2 protein chains.
Amino acid sequence: MRMAELSRESGVAVPTIKYYQREGLLPPGELTSPNQARYTATHVRRLRLVRALLEIGGLSVAGVREVLAAIDDPTTSTHDILGLAQHGLPMAKLEVSDDDRAWAMERIETAAAERGWQPHPESPVIEAIVGVLCAFRQVGHEWALDALDLYAEAADLVADADVTAVARLGRTEAIVEGAVVGTVLGDALLAALRRLAHAEASRKLFQA
Amino acid sequence: MRMAELSRESGVAVPTIKYYQREGLLPPGELTSPNQARYTATHVRRLRLVRALLEIGGLSVAGVREVLAAIDDPTTSTHDILGLAQHGLPMAKLEVSDDDRAWAMERIETAAAERGWQPHPESPVIEAIVGVLCAFRQVGHEWALDALDLYAEAADLVADADVTAVARLGRTEAIVEGAVVGTVLGDALLAALRRLAHAEASRKLFQA
DNA sequence: CTCGTATGGATAGTATAGCTTGCCACTATA
DNA sequence: TATAGTGGCAAGCTATACTATCCATACGAG
């Protein structure tokens with residue numbers, strides 16, 4: 001397979017593919033001459049992964065590069081996947097006062113205890129949650145956090161399914177990729193389904 | 001309150017505040033002289049909302065402007081909130097073949113039927129879900145969709161809580177803002193909690 | 001063999017977003 | 001009355017994600 005076919009197969013323009021190669025998102029093809037290379041189904045697949053992470057996952061090119069590096073690194077363990085998800089993936093932060101942080105941490109610990117979670121208090125995920133809780137508070141919609149336990153329950157529900165599904169993949173190198181895909185695209189899926197569920201819940205409540 | 005205090009109170013730099021005013025994200029202060037204006041607690045609050053939507057929600061400046069316009073528009077009804085959430089908010093799309101679309105629609109309809117949902121098949125939310133499902137398929141991780149029903153259940157769980165909580169706000173103008181805040185920040189909260197739950201689930205499965 | 005198109009590789013250019021800087025006349029404050 | 005702050009406007013800046021242009025070479029139909 002050559003460049004033109006790779007482009008057709010993946011729906012990505014040739015100059016863009018070249019750009020991704022330069023950025024290290026796509027490995028070079030096998031050179032048959034100084035200016036001819038062959039590509040394989042692996043390239044098509046990788047290209048589709050890149051596009052999915054960029055368009056659906058909303059990752060930056062740099063973020064995709066980090067994620068792919070972890071996927072390709074044979075020393076990435078099953079347990080590291082979590083660290084990965086906390087690292088290259090987009091997690092907004094908000095600077096926050098000590099008071100707000102303490103308040104948020106307390107709420108998080110309460111909710112975690114309820115679910116039997118034992119989170120490390122200094123992980124970036126906790127930081128992200130602190131940021132979100134403080135944002136809710138700062139904009140004056142603290143009431144929304146009454147449902148924090150419920151949100152945690154929903155997260156638990158899908159996370160259990162995610163982890164067991166990934167574990168079922170076997171010990172191949174696909175497990176890390178599966179975890180990444182599940183994490184990134186899963187976020188988008190959950191968000192979209194939540195919108196749909198909003199519409200249905202509102203219909204039931206107001207229209208009935 | 002003058003510019004400097006507004007800046008201190010909100011943690012946003014003065015030039016940035018001016019920029020937001022130019023972009024229509026923040027109403028002008030009440031002019032007391034040609035070059036002096038007074039700001040109120042409303043401005044602080046609005047500014048914090050803008051920052052939350054930008055940093056936590058990941059909206060663009062243009063997206064924030066649309067959302068704020070809807071919040072400020074007195075003709076925005078409770079029911080329109082859903083349309084709003086589907087409109088100004090970031091929802092990635094992926095171009096998709098007819099085959100893939102048909103396959104995705106079938107899966108969506110199955111899952112929707114299971115939950116008693118009756119979604120309009122041409123809404124942008126459905127489009128977004130189609131995109132995500134096709135992305136899963138295109139990158140070769142269709143297995144992740146075994147949990148689609150579970151994702152829908154989780155979405156239902158939080159959406160019910162969201163809608164009833166918003167409905168409890170009463171018929172003030174805060175209801176629309178509440179819905180927006182809940183939708184946008186709620187996405188971030190759910191995503192972060194899911195990361196946390198992943199870590200816990202993996203700990204239970206692998207480390208125990 | 002040949003001629004038009006495709007290719008790999010490199011460099012440079014573009015468009016957009018989200019600020020940031022500079023400037024000005026003017027105003028509050030000490 | 002000196003100093004710092006202000007509203008308003010225009011221009012500039014940085015980063016991101018592509019696009020476009022070149023070039024020497026290679027492939028492939030005739």
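Predicted model, so just to flag it, every value in this text is computed and none were measured. Residue numbers begin at 1 in each chain, while the letters A, B, ... track the order of the sequences.
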S33(A) side chain near dT7(C) phosphate (N/O to OP1/OP2, under 4.0 Å):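 Looking at the OP1 and OP2 atoms of dT7(C), neither is under 4.0 Å from any side-chain N or O of S33(A).
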Length of the [atom1]-[atom2] vector between [X] and [N], whole Å:
X	N	atom1	atom2	value
L26(B)	dG8(D)	CG	C1'	15 Å
E5(A)	dT7(C)	CD	P	10 Å
R2(B)	dT27(C)	CZ	P	14 Å
L54(A)	dC18(D)	CG	C1'	11 Å
Y39(A)	dA6(C)	OH	C1'	12 Å
E55(B)	dA17(C)	CD	C1'	15 Å
E30(A)	dG8(C)	CD	C1'	15 Å
H43(A)	dG8(C)	NE2	P	10 Å

Nearest-0.5 Å distance that lies between atom [atom1] in [X] and atom [atom2] in [Y]:
X	Y	atom1	atom2	value
L133(A)	M105(A)	CG	CE	10.0 Å
R101(B)	E127(B)	CZ	CD	4.0 Å
D160(B)	L150(A)	CG	CG	9.0 Å
L148(A)	I108(A)	CG	CD1	8.0 Å

Modelled atom types, side-chain donor and acceptor of D73(B) and T75(B), under 3.5 Å: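 A donor-acceptor contact under 3.5 Å links the two side chains.
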Modelled atom types, side-chain donor and acceptor of E177(B) and H141(A), under 3.5 Å: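 Yes, a side-chain donor-acceptor pair sits under 3.5 Å.
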Between [options], which nucleotide gets closest to the side-chain atoms of [X]?
X	options	answer
V61(A)	dG18(C), dT7(C), dC18(D)	dC18(D)
Q36(B)	dT6(D), dC27(D), dA17(D)	dT6(D)
M3(A)	dT6(D), dA17(D), dT7(C)	dT7(C)
R51(A)	dC18(D), dG5(D), dT7(C)	dC18(D)

Strand contacts (DNA chain D) in residues 13-22 of chain A, 4.0 angstrom heavy-atom criterion: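 Hits under 4.0 Å, by residue number: P15(A), T16(A), Y19(A), Y20(A), R22(A).
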Ion pair check, D187(A) and R195(B), cut-off under 4.0 Å: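 Salt bridge between D187(A) and R195(B), a charged N being under 4.0 Å from a carboxylate O: yes.
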